[in-house]
Amino acid sequence: MSQLLSSRKTNASLSNSTNNRARQPKNWRYYTVRFLIGLTLVLSAIWLLMAIWYQYGATSFVTWIATIAIVGWLIPLLSLTYRSKLVNKLVNKTSYKDMNSKQAGKWLAGSYALIWIIGLGWFFSIEPKQNRDWQPEVSQRVSYERDAANPDLVTLTNVRNFDWHTNEDATEHWETRTIDMSKLSGIDVTNSYWMGPLIAHTLVSFRFQDDRPLAFSFEIRKEEGESFSALAGFFRRFELSLIASEERDIIYTRSNARGEQVYLFPISHLQQHEVKSLFESYLIAADELNAKPAWYNTLVSNCTNIIFYMARIVSGERLPWDYRIWVSGWLPNYLYDVGMLDATPETSGQPWSMDTWYERTHINPKVGGFDYKAGDTTVNSREFSTQIRQGIPLPPLADSQIEAETKAKSAAEASED
């Protein structure tokens, strides 16, 4: 009898202990995990729905069916995850009403995971194309040939030199131009601000001795009727395009036709072999895009960080990784801090602040009344390139690596003062 009473007490004690544990309030880790699970489910659904929306359009039958299917699985799954009052109504009205909550949750989670994996596979199967109904300014692809006797002589085909009448209307000119890489004398980085101080389009111009500069720009390859969307750029909506252009075209259209705020920064403390290597990188990029099209991506393959990837191959540790590589509007500040903008570009020896750099390199006031149609296009191009560099001292190339690195280090230290 005593053993029986003891056993009952033990069982009662265990039952009470179990009930107490069930009633014990959950700690912050429990709620954090549940929150992260719910957030992951919601964000994954949003990502997949946006991918479908940008590929098929908001009014497409496919978009609506996919939305109904994804939301139809997601809402009950979230309800089961959070044990809300809604769960009973939803579970009791579905085909899995005879299951308990745990079984229903597993079934819903597995089904949703399968849907998302299928969607992910579909997304990565979308291939970029070369042949679409492109807008005129990106309709051609730059290509080149080297002189057999002198590899430094490069003839580029489809160099853009449009006459821009408005921000959308232009007379097309695709030209052939031969340049001598042995005459490369420097690099300028142009930032064009069209969406506030954080976002800018970045171009690179190569200067030559006794010849006008040549600009390169990575851009989205828009189809007729398309417009740029930063969000769409995450979802394989735009192919990537490399444009080689005269500055009177690719900079004028931004500073004058579109009214964007444009700044040109001459890069200091470079050797000629670095400039030449970066130019070669653009030729390689042209080859790769001509052989196989690629997607533009707002985060990892845009107009700014592609340039950085190429430049870092050339200059290595002189260009350390920095968050401003992905915040394109702050790229000039990054160049200033790493010593790639000369801190004392004038003979007075007075260092320039970043504010001074922005003031002196602002293109718009210099070309507001530019005579765009005067003379022949070659002369006109040379005049425009000269005009946008007014008041900006152009740095000479460094004679050695030691000189380049020493002066860059000194400029970086001066920028901190």
Side-chain angles (χ1 to χ4, degrees), residues 150-154 179-191 202-216 263-284 304-322 324-325 330-361 385-386 388-417:
N150 182 1
D152 281 340
L153 289 179
V154 178
I179 58 94
D180 186 349
M181 288 195 296
S182 69
K183 301 294 185 180
L184 283 163
S185 61
I187 293 173
D188 300 322
V189 170
T190 299
N191 257 27
T202 304
L203 308 88
V204 171
S205 294
F206 290 87
R207 282 180 272 114
F208 298 87
Q209 301 169 22
D210 305 322
D211 200 357
R212 63 196 185 279
L214 177 70
F216 284 100
Y263 300 80
L264 183 142
F265 299 90
I267 305 303
S268 302
H269 317 309
L270 294 174
Q271 300 173 79
Q272 198 202 43
H273 78 85
E274 292 178 304
V275 178
K276 185 176 178 180
S277 294
L278 186 59
F279 192 93
E280 292 272 11
S281 296
Y282 276 98
L283 298 182
I284 293 171
T304 302
N305 54 37
I306 292 177
I307 297 169
F308 176 78
Y309 302 149
M310 297 191 305
R312 201 167 192 273
I313 293 173
V314 174
S315 297
E317 296 303 320
R318 292 180 61 194
L319 294 175
W321 292 101
D322 190 280
R324 287 169 292 189
I325 301 307
W330 289 348
L331 179 64
N333 302 69
Y334 166 79
L335 295 171
Y336 183 73
D337 289 344
V338 298
M340 303 304 284
L341 297 181
D342 194 345
T344 55
E346 294 181 320
T347 55
S348 64
Q350 182 66 33
W352 281 13
S353 66
M354 198 62 226
D355 288 339
T356 302
W357 270 106
Y358 276 114
E359 179 185 349
R360 300 289 184 91
T361 60
S385 294
T386 299
I388 63 177
R389 289 172 174 81
Q390 288 179 355
I392 305 175
L394 302 179
L397 295 172
D399 293 327
S400 67
Q401 183 175 352
I402 294 176
E403 178 190 348
E405 293 180 354
T406 300
K407 288 186 175 181
K409 183 179 179 180
S410 175
E413 291 172 350
S415 71
E416 296 173 359
D417 295 339

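What's counted below: heavy atoms across the whole structure, side chains too, no hydrogens, waters or symmetry copies.
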Open item on the list: Quick one, Asp322 with Trp330, criterion side-chain contact (heavy atoms from CB on, under 4.5 Å). Give me CA distance, side-chain angles, the key distance, then yes/no.
Closed with: CA-CA 11 Å; Asp322 190 280; Trp330 289 348; over 6 Å; no
Task: Step-by-step side-chain contact (heavy atoms from CB on, under 4.5 Å) determination, Phe308 to Leu331 - done: CA-CA 10 Å; Phe308 176 78; Leu331 179 64; 6.0 Å; no
TODO: Mind running ring pair (Phe, Tyr, Trp, His ring centres under 6.0 Å) on Tyr336 and Trp352 for me, showing each step along the way?
DONE: CA-CA 10 Å; Tyr336 183 73; Trp352 281 13; 9.9 Å; no
TODO: Test Leu394 against Arg389 for side-chain contact (heavy atoms from CB on, under 4.5 Å), laying out the working first.
DONE: CA-CA 8 Å; Leu394 302 179; Arg389 289 172 174 81; 4.1 Å; yes
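For the atom pair CG of Leu264 and OG1 of Thr190, the computed distance is 4.0 Å after rounding to the nearest 0.5 Å. Note that CZ of Arg212 and CD1 of Ile179 are 11.5 Å apart. Values are rounded to the nearest 0.5 Å. One finds the CG atom of Asn150 at 6.0 Å from the CG atom of Asp180 (value rounded to the nearest 0.5 Å). Taken to the nearest 0.5 Å, the CG atom of Leu270 stands 11.0 Å off from the OG atom of Ser277. In this structure, CG on Leu278 lies 10.0 Å from CG on Leu283, to the nearest 0.5 angstrom.
Side-chain atoms of Thr202 never come within 3.5 Å of backbone atoms of Thr304 as a donor-acceptor pair (strictly under, hydrogens ignored). Of the possible polar contacts, none joining the Gln271 side chain to the Asp399 backbone as a donor-acceptor pair under 3.5 Å is found. Remark: the backbone N or O of Ala398 is not paired with any side-chain donor or acceptor of Glu403 at under 3.5 angstrom.
When every heavy atom of Pro266 is checked against every heavy atom of Pro393, the shortest pair comes out as CG-O, 3.7 Å. Listed here is the closest heavy atom pair of Leu341 and Met354: CD1-CE, 4.1 Å. Taking both residues in full, the closest heavy atoms of Gly186 and Val275 are given as O-CG1, 4.1 Å, listed atom of the first, atom of the second, then distance. Across every non-hydrogen atom of Thr361 and Ile392, the tightest pair is CA-CD1, 3.8 Å. The two residues Ile267 and Pro395 make their nearest non-hydrogen contact at O-CG, 3.5 Å.
Looking at Tyr334 and Pro320, their side chains come closer than 4.5 Å, going by heavy atoms from C-beta outward. No side-chain heavy atom of Ile187 sits less than 4.5 Å from a side-chain heavy atom of Arg207. By the 4.5 Å heavy-atom criterion applied to side chains, His269 and Thr406 are not counted as neighbours. Contact check for Glu274 versus Leu397: no side-chain heavy atoms found under the 4.5 Å cut-off. In this structure, Asp188 and Phe206 have side chains that are not in contact, with every pair of non-hydrogen atoms separated by 4.5 Å or more.
Classification of Asp152 and Lys183 as a salt-bridged pair fails, no side-chain N sitting under 4.0 Å from a carboxylate O.
Taking the six-membered ring for Trp and the full ring otherwise, the centers of Tyr358 and Phe265 sit less than 6.0 Å from each other. For Tyr263 and Trp357, the distance between ring centers is not under 6.0 angstrom.
With 3.5 Å as the limit, one finds no donor-acceptor pair spanning the side chains of Ser353 and Asp355.
Taking the six-membered ring where the residue is Trp, Phe216 and Tyr282 present parallel rings, their angle staying beneath 30° rather than reaching 60°.
Atom CD of Gln390 has more than 12 neighbouring heavy atoms from other residues, nucleotides or ligands inside a 6.0 Å radius.
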